[in-house]
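The block underneath contains the structure these notes are about, expressed in structure tokens.
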Amino acid sequence: VQLQASGGGSVQAGDSLRLSCAASGSTFGGHTFAWFRQAPGQEREFVGAIEWTSGKIYYRQSAKGHVAISRDRSKNTMYLQIYSLRAGDTATYYCAADQCYHCAYDDYGREANYPYWGQGTLVTVSS
């Protein structure tokens, strides 16, 4: 599985932004895709995940209402919409995919669930 994240850039606080993660190289039904982010000097953290077939979404609690994950199965692309961007959203955003077929996790935010990672796209928010 190859993942290509895009859509990052320099934005103003209060703006909204949609990131994309284009997937290729496999069939995606039955798999889970996730977004993580890593702020400068910080550890990478989970943002949310989506089950490709069912569309069921899991968010980090603090991200609920601030971001929205979706996917377009016809385009093999996952999206991360970020609303009302703030300085704390400045980070490199990564998409990731699991390898397990139709697996459910007790912790969708565990990085070890996802052996496939995109290269990341940088979002810089200025006030």
Side-chain angles (χ1 to χ4, degrees):
V1 176
Q2 291 81 47
L3 302 171
Q4 179 76 36
S6 63
S10 296
V11 296
Q12 295 291 314
D15 287 349
S16 295
L17 188 68
R18 188 176 78 163
L19 307 181
S20 300
C21 175
S24 62
S26 182
T27 56
F28 307 113
H31 292 282
T32 297
F33 290 73
W35 285 101
F36 289 78
R37 71 180 188 181
Q38 186 168 23
Q42 304 293 318
E43 293 188 355
R44 191 156 55 188
E45 66 176 5
F46 173 68
V47 177
I50 184 168
E51 294 178 354
W52 195 261
T53 300
S54 70
K56 192 170 182 180
I57 300 171
Y58 307 84
Y59 292 109
R60 187 182 83 241
Q61 183 65 33
S62 61
K64 290 181 180 179
H66 184 52
V67 303
I69 293 174
S70 61
R71 78 335 188 187
D72 185 331
R73 291 197 283 183
S74 68
K75 296 181 179 179
N76 286 343
T77 300
M78 174 177 66
Y79 302 99
L80 177 68
Q81 179 77 45
I82 312 173
Y83 302 101
S84 299
L85 282 150
R86 47 206 183 214
D89 294 315
T90 294
T92 299
Y93 286 75
Y94 298 90
C95 54
D98 75 353
Q99 189 175 32
C100 181
Y101 187 68
H102 280 304
C103 285
Y105 303 101
D106 57 359
D107 180 4
Y108 280 81
R110 193 164 68 98
E111 290 192 23
N113 297 340
Y114 309 102
Y116 303 109
W117 290 80
Q119 84 292 355
T121 186
L122 176 63
V123 175
T124 303
V125 183
S126 57
S127 56

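The shown structure was predicted, so the numbers you read here are calculated from the model rather than taken from an experiment.
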Interatomic spacing from [atom1] in [X] to [atom2] in [Y] - rounded to 0.5 Å:
{"X": "L80", "Y": "I82", "atom1": "CG", "atom2": "CD1", "answer": "4.5 Å"}
{"X": "S62", "Y": "F46", "atom1": "OG", "atom2": "CZ", "answer": "10.5 Å"}
{"X": "L85", "Y": "H66", "atom1": "CG", "atom2": "NE2", "answer": "6.0 Å"}
{"X": "M78", "Y": "W52", "atom1": "CE", "atom2": "CH2", "answer": "7.5 Å"}
{"X": "F36", "Y": "E43", "atom1": "CZ", "atom2": "CD", "answer": "12.5 Å"}
{"X": "I69", "Y": "F33", "atom1": "CD1", "atom2": "CZ", "answer": "12.5 Å"}

Has [X] got a side-chain atom pairing as donor or acceptor with [Y]'s backbone, closer than 3.5 angstrom?
{"X": "R86", "Y": "S127", "result": "no"}
{"X": "T90", "Y": "V125", "result": "yes"}
{"X": "H31", "Y": "H102", "result": "no"}

Which heavy atom of [X] sits nearest a heavy atom of [Y], and at what distance?
{"X": "Q38", "Y": "Q42", "answer": "NE2-O, 3.1 Å"}
{"X": "D89", "Y": "Y93", "answer": "O-OH, 2.7 Å"}
{"X": "Y105", "Y": "C100", "answer": "OH-CB, 3.7 Å"}

side-chain contact (heavy atoms from CB on, under 4.5 Å) partners for S16, two or more places apart: Q81, Y83

Hydrophobic cluster identity match, V67 and Y94, side-chain contacts under 4.5 Å: no

Where at least one partner belongs to residues 108-117, residue pairs that pass side chain to side chain donor-acceptor pair (under 3.5 Å), sequence neighbours excluded: R44-E111, E51-Y108, Y58-Y108, Q99-Y116, R110-N113

Exercise answer: donor-acceptor pairs, residues 1-13 side-chain atoms, under 3.5 Å, sequence neighbours excluded:
from, atom 1, to, atom 2, distance (Å)
Q12, NE2, S126, OG, 3.2

